[in-house]
Amino acid sequence: MIYLFQLVNGIGLGMLYFLLAVGLSIIFGLLHFVNFAHGAFYLLGAYFVYDMTERGLNFWAALLMAPFIVAGLAALTESVLLRRIYHLPHTFHILVTVGLALMVQELVIILWGPVGGNVSTPSALSGVLMLGDFIYPQYRLFVIGLTLVLAIGLWWLLEGTRLGAVVRAGSESTDMVSLLGIDILRVNTAVFALGAGLAGLAGALAAPIRGVEPFMGVEALGIAFVVVVIGGMGSYTGALIAGLLVGIVQSIMTTLWPEGARLMIYLGMGLVILTMPRGLLGRA
């Protein structure tokens, strides 16, 4: 029964990893921009929920507001700062986004302190589901259900809407999209905000499970890159499959070999790089 518990846990972790990584993958697919500040948006999403609930706001309102606030900050950052460096070599992308991530981390420490905090599980989901000998927290089941719905909605957005068609076309040739009269700068900002908002939502959902602390963005960035590398840069389906694989492996390994749980996911990434340099479903 413990392995069934860890399997379901792994699915929940994997869906959070998917939300975190798919934004990074979409941003790279359209902008060909490696965003090392992606973990900072996850960090902000978690802390915004923490701050709002500490001030007495309802958890559900905080969960709804936090991703949109993160997306708005990301859109402002992209339009004011990042779009000025897209044409520069990737080394500049890395330097600027790493610096941005460090600034966000230090601001979090200044505003909320170096010690982490806890976010209470909403009372409506504070219980457990009991199926015979299987007992599982309701909030974690809610996270699985919500992220599954979001995954389906995001797939529809990318595959069945005009924005999705523009994003797919832009990943092949931004010049062609511009020649069709589409403002590619606005599309870039919208996609960057969408990716950051998804990361913020992942952080907000994770806050009641693991709490908040100023360095959680660094860990999240590492996991996001592992998922993207395994799934393949720019691949939506690859991010979903890889997120689930990483979450399940990490969860089960915490039972079999706790000290090596994190090692195994990086070992898996290394094997994928050696055998399939483009990832499971990557195009480049």
Side-chain angles (χ1 to χ4, degrees), residues 5-6 8-26 38-54 57-74 104 108 112 116-129 136-155 157 193-224 226-228 236 239-240 242-244 246-248 250-251:
F5 181 89
Q6 293 292 18
V8 179
N9 248 359
I11 293 172
L13 270 179
M15 293 305 291
L16 285 177
Y17 291 164
F18 160 72
L19 277 186
L20 178 64
V22 72
L24 186 65
S25 187
I26 293 171
H38 198 67
F41 297 123
Y42 172 89
L43 173 67
L44 288 175
Y47 263 94
F48 285 153
V49 166
Y50 169 73
D51 183 77
M52 285 187 277
T53 53
E54 283 291 298
L57 190 66
N58 180 275
F59 172 81
W60 300 111
L63 181 64
L64 180 64
M65 293 170 60
F68 286 101
I69 297 172
V70 172
L73 290 173
V104 170
V108 165
W112 289 288
N118 295 313
V119 176
S120 299
T121 302
S123 57
L125 297 174
S126 60
V128 296
L129 176 71
Y136 199 77
Q138 290 181 0
Y139 178 76
R140 291 177 182 249
L141 287 175
F142 161 75
V143 169
I144 294 174
L146 178 61
T147 50
L148 179 60
V149 171
L150 289 171
I152 295 171
L154 187 58
W155 175 84
L157 177 68
L194 173 63
L198 290 172
L201 177 59
L205 289 171
I209 297 174
R210 59 154 297 171
V212 298
E213 51 90 12
F215 304 100
M216 62 191 295
V218 177
E219 178 187 353
L221 179 65
I223 292 291
V226 168
V227 172
V228 169
Y236 173 88
L240 178 59
L244 288 171
V246 170
I248 291 171
Q250 185 178 21
S251 182

- Query: Is any side-chain heavy atom of Val227 closer than 4.5 Å to a side-chain heavy atom of Leu20?
  - Reply: no
- Under 4.5 Å between any side-chain heavy atoms of Gln6 and Ile248, yes or no? no
- Message: Are Tyr236 and Ser25 packed together at the side-chain level, in the sense that at least one heavy-atom pair is separated by less than 4.5 angstrom?
- Response: no
- Item | Separation between CG of Leu198 and CZ of Phe41, rounded to the nearest 0.5 Å | 12.0 Å
- Considering non-hydrogen atoms only, spot the tightest contact between Ala204 and Leu63 and give its length. CB-CD1, 3.7 Å
- Quick one: closest heavy-atom pair of Ala46 and Met216, and the distance? CB-CE, 3.8 Å
- Looking only at heavy atoms, the pair that brings Leu57 and Met65 closest together is CD2-SD, 3.9 Å
- What class does the angle between the rings of Phe142 and Tyr139 fall in, given that below 30° is parallel, 30 to 60° is tilted and above 60° is perpendicular? tilted
- Message: Ignoring hydrogens, what is the shortest heavy-atom contact between Ser251 and Asn9? Give both atom names and the distance.
- Response: OG-CB, 3.4 Å
- Minimal non-hydrogen separation, Gln138 against Val128, with atom names: NE2-O, 3.5 Å
- Message: Taking the side chain as everything from C-beta on, heavy atoms only, tell me whether Tyr42 gets closer than 4.5 Å to Ile223.
- Response: no
- Query: Which atom pair, heavy atoms only, marks the closest approach of Ala224 to Ala21?
  - Reply: O-CB, 3.8 Å
- Query: Hey, what do you get for CG (Asp51) to CD1 (Ile69), rounding to the nearest 0.5 Å?
  - Reply: 9.5 Å
- Query: If you count the non-hydrogen atoms of other residues, nucleotides and ligands that lie under 6.0 Å from CG in Asn118, is the total more than 12?
  - Reply: no
- How many angstroms lie between atom CG of Leu19 and atom OH of Tyr17, to the nearest 0.5 angstrom? 12.5 Å
- Close side-chain approach of Leu44 to Val108, heavy-atom, < 4.5 Å: yes
- Query: Can you list the steps and then say if Phe48 with Leu73 is a side-chain contact (heavy atoms from CB on, under 4.5 Å)?
  - Reply: CA-CA 12 Å; Phe48 285 153; Leu73 290 173; 3.9 Å; yes
- Item | Heavy-atom side-chain proximity of Val49 to Val212 below 4.5 angstrom | no
- Gap between atom CG of Leu146 and atom CG of Leu141 - 0.5 Å precision: 12.5 Å
- Item | Counterpart residues, ring pair (Phe, Tyr, Trp, His ring centres under 6.0 Å), relative to Tyr136 (two or more places apart) | Phe5, Phe134
- Query: Side chains of Phe18 and Thr147: does their closest heavy-atom pair fall under 4.5 Å?
  - Reply: no
- How many angstroms lie between CD1 in Ile144 and CG in Leu148, if you round to the nearest 0.5 Å? 9.5 Å
- Just wondering, more than 12 heavy atoms not from Trp155 lying within 6.0 Å of its CH2? no
- Is there side-chain contact between Pro122 and Trp60, with at least one heavy-atom pair below 4.5 Å? yes
- Query: How far apart are the C-alpha atoms of Val143 and Met15, what are their side-chain angles, what is the distance that settles it, and do they pass the side-chain contact (heavy atoms from CB on, under 4.5 Å) test?
  - Reply: CA-CA 8 Å; Val143 169; Met15 293 305 291; 5.9 Å; no
- Supply the atom-to-atom distance Leu205 CG to Arg210 CZ, rounded to the nearest 0.5 angstrom. 13.5 Å
